[in-house]
Amino acid sequence: MVKIKVTFPDGAIKEFDKGITTEAIAKTISTSLAKKAVAGNFNDQLIDYQQGLVEDGTLKIITKDSPEGLQVLWQTGAILLASALSELYPKMHFGEGKTTEHGFYFDTDNVDGQVAETEFEKISQKMKEFVKANMTIEYKVLSEQEALKAIDGDPYRMELVKKIAAENNGQVAVHVLGNFVDVSSGAKLAATKGVKIFQLLSVAGAYWKGVSSNPMLQRVYGTSFFKQKDLEAELKRRQEARERDHRVIGNDLDLFFVDPKVGAGLPYWMPKGATIRRTIERYIIDKEVSRGYEHVYTPILANLDLYKQSGHWDHYREDMFPPMDMGDGEMLELRPMNCPSHIQIYNRHIRSYRDLPLRIAELGMMHRYEKSGALTGLSRVREMTLNDGHTFVTPDQIEEEFKQTLQLMVSVYSDFDITDYRFRLSYRDPKNTHKYFDDDEMWEKSQKMLKAAMDDLGLDYYEAEGEAAFYGPKLDVQTKTALGGEETLSTIQLDFLLPEKFDLHYIGADGEEHRPVMIHRGIVSTMERFTAYLTEMYKGAFPTWLAPQQVTVIPVKNDLHLGYCEQLRDRLVANGVRVNIDERNEKMGYKVRQAQVNKIPYILVVGDKEVAEKGVSVRRYGQDNSKEVKIEDFVNEILADISSYSREVK
RNA sequence: GCCACUUUAGCUCAGCAGGUAGAGCACCACCAUGGUAAGGUGGGGGUCACCGGUUCAAAUCCGGUAAGUGGCUCCA
């Protein structure tokens with residue numbers, strides 16, 4: 001018998017007969033391990049529990065309680081779903097089934113009408129039947145011919161089989177459950193019994209292979225766990241994510257709305273949302289001015305020629321509103337970006353090397369024609385105001401300015417207590433270069449420069465091809481929305497192109513003309529997206545400095561205490577605090593509840609005792625106790641709170 | 001833009017084997033009301049998204065348009 005050598009995570013090496021399964025090996029280690037185990041990780045690849053090992057390698061036994069164990073369960077959930085579907089809808093075709101961050105999906109295409117959520121009951125029932133019957137899931141390696149026969153004319157799986165066969169000497173590994181043959185890879189449990197606890201979640205369209213020119217399949221999402229309480233926790237997590245959604249909170253707290261009569265993606269800011277936005281705007285302008293930025297205002301409309309010169313008309317037209325034909329030959333365009341506007345400011349004067357870095361900033365309103373399906377609340381809109389800035393530097397100032405910009409960003413993030421983000425270096429797509437400005441040398445140079453600066457700063461990042469702006473590579477700061485989507489919040493971009501296009505120059509120490517480099521940057525993103533992000537991060541309970549209403553004053557009895565409340569209010573207003581008296585004819589318990597529901601940071605209750613002692617009874621949002629303090633002390637407390645921004649960890 | 005679903009009072013939603021609308025909250029009025037999460041009674045409010053079709057009759061069935069939701073594609 002031929003032997004193979006298997007290395008274990010602890011470094012031990014043992015010999016086994018060739019063809020031995022992970023299951024058999026687990027049993028040699030301990031019966032309790034064999035009980036918990038569901039699969040193996042052999043040479044960094046998940047394999048079935050009963051798949052034979054035919055070569056030397058390292059093996060990790062995968063147990064139920066590991067993340068990889070869940071992957072195996074979800075793979076099994078996917079094939080169970082597909083198998084149940086193929087029995088219910090015999091004409092259905094199948095794409096790939098995969099795992100996601102929180103479960104699994106399978107892509108389907110039904111000629112008699114796509115599956116809808118209304119059929120989940122029926123589908124779940126069929127899946128439960130399969131679980132109850134504890135059907136075996138067989139791992140097989142077939143020839144291309146056998147595999148094609150097994151999938152019986154399904155065009156999508158046929159494509160997969162041909163591709164896999166071409167890559168594996170004509171061999172195709174498949175899993176078979178009932179009548180269904182799954183050609184998508186991934187280790188699975190040996191039988192359906194393990195997928196006892198599952199839930200179908202939603203359906204959504206998805207292009208075959210993620211290519212928009214391909215047909216659209218129906219993707220059915222589900223999730224599964226080994227324990228009921230884990231499923232319940234996951235469903236609760238999903239529910240809480242929905243409650244955190246800025247669209248829900250924005251509606252409940254009356255922050256903003258979008259009116260179909262006015263147009264999709266054109267948000268209205270209600271007084272409370274506008275207060276939050278104004279606070280952010282004042283904050284960031286002050287911060288930038290203190291860092292040497294010069295804030296300007298420029299028109300949101302410009303002659304189309306400006307965007308022809310900048311290259312936007314060539315490379316960004318899809319995202320632009322169509323130009324307005326003024327009838328006399330003039331074409332006006334709603335600007336999609338502010339860079340050309342700031343270039344005009346640079347060009348207004350002859351610039352000396354002594355002027356650089358020149359930092360131009362603006363809360364610049366822009367319009368982009370986003371596709372209807374992309375619009376989402378405040379985070380994806382067609383009219384937006386970007387915290388935009390462009391620094392014009394000499395080539396040898398690039399690195400220093402990049403680092404300073406990054407420092408500014410980190411400082412702002414700290415003020416807002418934003419901690420959950422990743423840096424992404426966004427390069428052009430080398431296979432699709434026509435989307436970008438055509439200058440290989442420029443791209444090579446600037447991409448290398450960005451990477452070197454990040455390495456020099458010792459910051460963690462990941463690299464992504466195809467994410468660059470058309471004019472240059474970017475450092476993006478990626479964050480997550482409540483519902484799990486990834487979004488760019490901040491961005492710093494190097495640009496050698498626009499200075500060329502607009503023939504920018506500065507006079508150097510040598511008295512000659514030189515070409516400056518531009519750094520585009522957005523720190524707090526657009527007001528729309530940033531407000532959406534903060535709303536979700538704070539769950540609508542904005543820290544005091546941002547809260548639309550910071551204090552509510554509740555008199556115990558209007559007739560006796562209203563006068564004192566007014567004095568108190570005036571004192572706070574004089575200190576710039578946003579405060580209201582709740583003098584409605586209601587019980588105070590009712591008013592306290594209203595204040596809590598509206599997530600107002602401070603509730604001040606005032607009765608005889610407070611009047612007598614020139615004090616207030618203070619209750620913080622989310623707490624169920626209150627404390628008595630002098631007015632003086634409360635004013636100091638809230639002012640300290642406001643000036644600390646969001647930094648205090650609650 | 002694409003696939004599926006959804007659209008009923010300011011908000012959240014019920015009603016629907018076709019017979020011209022209901023609840024809770026909010027709002028208004030009156031009564032009650034002194035201590036930290038909802039006092040009572042009454043009232044106003046809807047061309048059932050919009051356009052068309054089927055029918056004696058459409059919120060309900062069918063088609064179209066718009067907007068929204070879940071995703072995909074694309075991006076701050």
Side-chain angles (χ1 to χ4, degrees), chain A residues 100 105 107-109 113-119 201-221 242 245 247-248 251-252 254 257-265 316 318-319 336-337 364 366 368-381 384-388 426 435 466-467 469 474 476-477 479 483-491 520 522 524-530 532-533 554-561 585-597 603-610 617-619 623-626:
Chain A
T100 65
Y105 66 79
D107 285 345
T108 69
D109 187 14
Q114 304 291 13
V115 263
E117 285 177 39
T118 48
E119 288 145 87
L201 298 171
S202 61
V203 298
Y207 295 108
W208 168 234
K209 301 183 117 179
V211 177
S212 59
S213 52
N214 280 344
M216 178 151 282
L217 311 182
Q218 278 301 103
R219 181 167 292 178
V220 182
Y221 286 90
R242 271 193 289 275
D245 190 322
R247 290 165 299 184
V248 173
N251 191 43
D252 289 348
D254 205 21
F257 70 95
V258 182
D259 183 357
K261 266 199 191 110
V262 175
Y316 204 70
E318 265 187 20
D319 295 276
M337 290 190 194
M366 328 179 287
R368 296 183 184 177
Y369 190 76
E370 299 290 341
K371 289 177 192 149
S372 58
L375 300 172
T376 308
L378 275 187
S379 55
R380 196 76 185 272
V381 292
M384 69 218 86
T385 298
L386 181 65
N387 163 227
D388 209 354
S426 301
K435 274 172 65 184
E467 298 289 348
K474 313 188 280 177
D476 291 321
V477 181
T479 54
L483 297 183
E486 193 177 85
E487 277 178 346
T488 303
L489 212 54
S490 305
T491 180
H520 307 235
V524 294
S525 182
T526 61
M527 294 306 118
E528 289 76 12
R529 179 169 292 182
F530 197 63
Y533 180 77
I554 301 175
V556 171
K557 191 163 166 61
N558 279 348
D559 333 354
L560 300 178
H561 309 126
N585 209 9
E586 293 289 349
K587 287 252 165 97
M588 57 170 296
Y590 178 85
K591 296 182 188 179
V592 169
R593 178 173 192 277
Q594 290 290 300
Q596 294 283 5
V597 167
I603 300 171
L604 303 185
V605 172
V606 168
D608 287 345
K609 200 162 77 180
E610 287 75 16
S617 168
V618 182
R619 177 167 163 177
Q623 294 182 358
D624 49 14
N625 59 324
S626 58

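If you're wondering where the values come from, they're calculated on a predicted model, not measured in any experiment. Each chain gets a letter, A, B and so on, in the order its sequence line appears, and its residues count up from 1.
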Is there any protein nitrogen or oxygen under 3.5 Å from a nitrogen or oxygen in nucleotides 3-5 of chain B, and what are the pairs?
residue : atom : partner : partner atom : Å
C3(B)   : O2'  : Q218(A) : OE1          : 2.1
C3(B)   : O2   : G205(A) : N            : 3.0
A4(B)   : O4'  : Q218(A) : NE2          : 3.4

What N/O pairs connect the protein and nucleotides 73-76 of chain B at under 3.5 Å? Give each pair on its own line.
residue : atom : partner : partner atom : Å
C74(B)  : O2   : R380(A) : NH2          : 2.6
C74(B)  : N3   : R380(A) : NH1          : 3.1
C74(B)  : N3   : R380(A) : NH2          : 3.4
C75(B)  : O2   : R380(A) : NE           : 3.2
A76(B)  : OP1  : K474(A) : NZ           : 2.4
A76(B)  : OP2  : K474(A) : NZ           : 3.3
A76(B)  : O3'  : T488(A) : O            : 2.5
A76(B)  : O2'  : T488(A) : O            : 2.9
A76(B)  : O2'  : S525(A) : OG           : 2.9
A76(B)  : O2'  : R529(A) : NH1          : 3.0
A76(B)  : N6   : E370(A) : OE2          : 3.0
A76(B)  : N6   : V381(A) : O            : 2.8
A76(B)  : N1   : V381(A) : N            : 3.3
A76(B)  : N3   : T526(A) : OG1          : 3.3

Could you list, one pair per line, each protein nitrogen or oxygen that sits under 3.5 Å from a nitrogen or oxygen of nucleotides 11-14 of chain B, together with the distance?
residue : atom : partner : partner atom : Å
C11(B)  : O3'  : N251(A) : ND2          : 3.1
U12(B)  : OP1  : N251(A) : ND2          : 3.4

Detail all sub-3.5 Å separations between protein N/O atoms and N/O atoms belonging to nucleotides 30-32 of chain B.
residue : atom : partner : partner atom : Å
A32(B)  : N6   : N585(A) : OD1          : 3.2
A32(B)  : N6   : N585(A) : ND2          : 2.6

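Rounded to whole angstrom, the span from the CZ atom of R247(A) across to the P atom of A67(B) amounts to 16 Å. Remark: C1' of G35(B) and CG of L560(A) are 13 Å apart, rounded to the nearest angstrom. For the pair N625(A) CG and G35(B) C1', the computed distance is 15 Å after rounding to whole Å. Atom pair L604(A):CG and U36(B):C1' shows a separation of 12 Å (rounding to whole Å applied).
Between V381(A) and G265(A), the shortest heavy-atom contact is CB-O, 3.3 Å. Closest heavy-atom contact between S617(A) and E610(A): CB-OE2, 3.5 Å.
Partners of E318(A) under the side-chain contact (heavy atoms from CB on, under 4.5 Å) rule, at least two apart in sequence or in another chain, do not exist in this structure. For the ring pair (Phe, Tyr, Trp, His ring centres under 6.0 Å) test, residues two or more places apart in sequence or in another chain that qualify with F257(A) are Y268(A). Partners of Y105(A) according to the ring pair (Phe, Tyr, Trp, His ring centres under 6.0 Å) rule, which considers only residues two or more places apart in sequence or in another chain, are Y221(A). Residues passing the ring pair (Phe, Tyr, Trp, His ring centres under 6.0 Å) test with H561(A), sequence neighbours excluded: none. Taking S490(A) as the reference, M409(A), Y413(A), V477(A) meet the side-chain contact (heavy atoms from CB on, under 4.5 Å) condition, with sequence neighbours excluded.
A donor-acceptor contact shorter than 3.5 Å is absent between the side chain of T491(A) and the backbone of G522(A). A donor-acceptor distance shorter than 3.5 angstrom exists from the side chain of R529(A) to the backbone of T488(A), with no hydrogens or angles considered. Within the 3.5 Å criterion, the main-chain N or O of Q623(A) finds a donor-acceptor partner in the side chain of R619(A).
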With side-chain hydrogen bond (donor to acceptor under 3.5 Å, both in side chains) as the criterion, how do Q114(A) and D109(A) come out once you've worked through the C-alpha distance, each side chain's angles and the decisive distance to 0.1 Å?
CA-CA 6 Å; Q114(A) 304 291 13; D109(A) 187 14; 3.0 Å; yes
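Residue-level contact check: Y221(A) touches the backbone only, with heavy atoms under 4.0 Å from sugar-phosphate atoms and none from bases. Looking at heavy-atom distances under 4.0 Å, G522(A) makes no contact with the nucleic acid at all. Residue contacts shown for E119(A) are absent, as no nucleic acid heavy atom lies under 4.0 Å away. Using a 4.0 Å heavy-atom criterion, one finds that K261(A) contacts no nucleic acid atom at all.
To the nearest whole angstrom, the two P atoms, one in A17(B) and one in C62(B), are 14 Å apart. Taking the P atoms as reference points, G39(B) lies 24 Å from G44(B), given to the whole Å. Taking the C1' atoms as reference points, G53(B) lies 15 Å from U60(B), given to the whole Å. When the P atom is used for both G42(B) and U47(B), the distance is 26 Å, rounded to whole Å. To the nearest whole angstrom, the two C1' atoms, one in G22(B) and one in C16(B), are 13 Å apart. Between C50(B) and A58(B), the two C1' atoms lie 15 Å apart (nearest whole Å).
Distance from the side chain of S372(A) is smallest for G1(B) among the nucleotides G1(B), U36(B), C27(B). Closest to the side chain of H561(A), from the set G68(B), U36(B), G34(B), is G34(B). If you check G35(B), G39(B), G70(B) against the side chain of Y590(A), the one that comes closest is G39(B).
With the nearest nucleotide of RNA chain B identified for both G589(A) and Q594(A), Q594(A) has the one nearer the 5' end.
Using a 4.5 Å heavy-atom cutoff, the side chains of Q596(A) and I603(A) are in contact. Looking at F530(A) and N387(A), their side chains never come closer than 4.5 Å, going by heavy atoms from C-beta outward. In this structure the side chain of L604(A) reaches within 4.5 angstrom of the side chain of V618(A), judged on heavy atoms.
Looking at D245(A) and R247(A), a side-chain N of the basic residue comes within less than 4.0 Å of a carboxylate O on the acidic one, giving a salt bridge.
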What does the 5'-to-3' dot-bracket notation of RNA chain B look like when only Watson-Crick and G-U wobble pairs under 3.5 Å count, and pairs to other strands show as |?
(((((((..((((.....[..)))).(((((.......))))).....(((((..]....))))))))))))....
One character per nucleotide, please: for nucleotides 59-66 of chain B, 5' to 3', B when the base has a protein heavy atom closer than 4.0 Å, S when only the sugar-phosphate does, - otherwise.
--------
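A donor-acceptor contact under 3.5 Å links the side chain of D608(A) to the base of G34(B).
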Enumerate donor-acceptor pairs with a distance under 3.5 Å from any side-chain N or O in residues 368-380 of chain A to protein atoms, sequence neighbours excluded.
residue : atom : partner : partner atom : Å
R368(A) : NE   : Y316(A) : OH           : 3.4
R368(A) : NE   : P336(A) : O            : 2.8
R368(A) : NH1  : Y316(A) : OH           : 3.2
R368(A) : NH2  : P336(A) : O            : 3.2
E370(A) : OE1  : R380(A) : NE           : 3.3
E370(A) : OE1  : R380(A) : NH2          : 2.8
T376(A) : OG1  : A374(A) : O            : 3.3
S379(A) : OG   : T376(A) : O            : 3.3
S379(A) : OG   : E487(A) : OE2          : 3.4

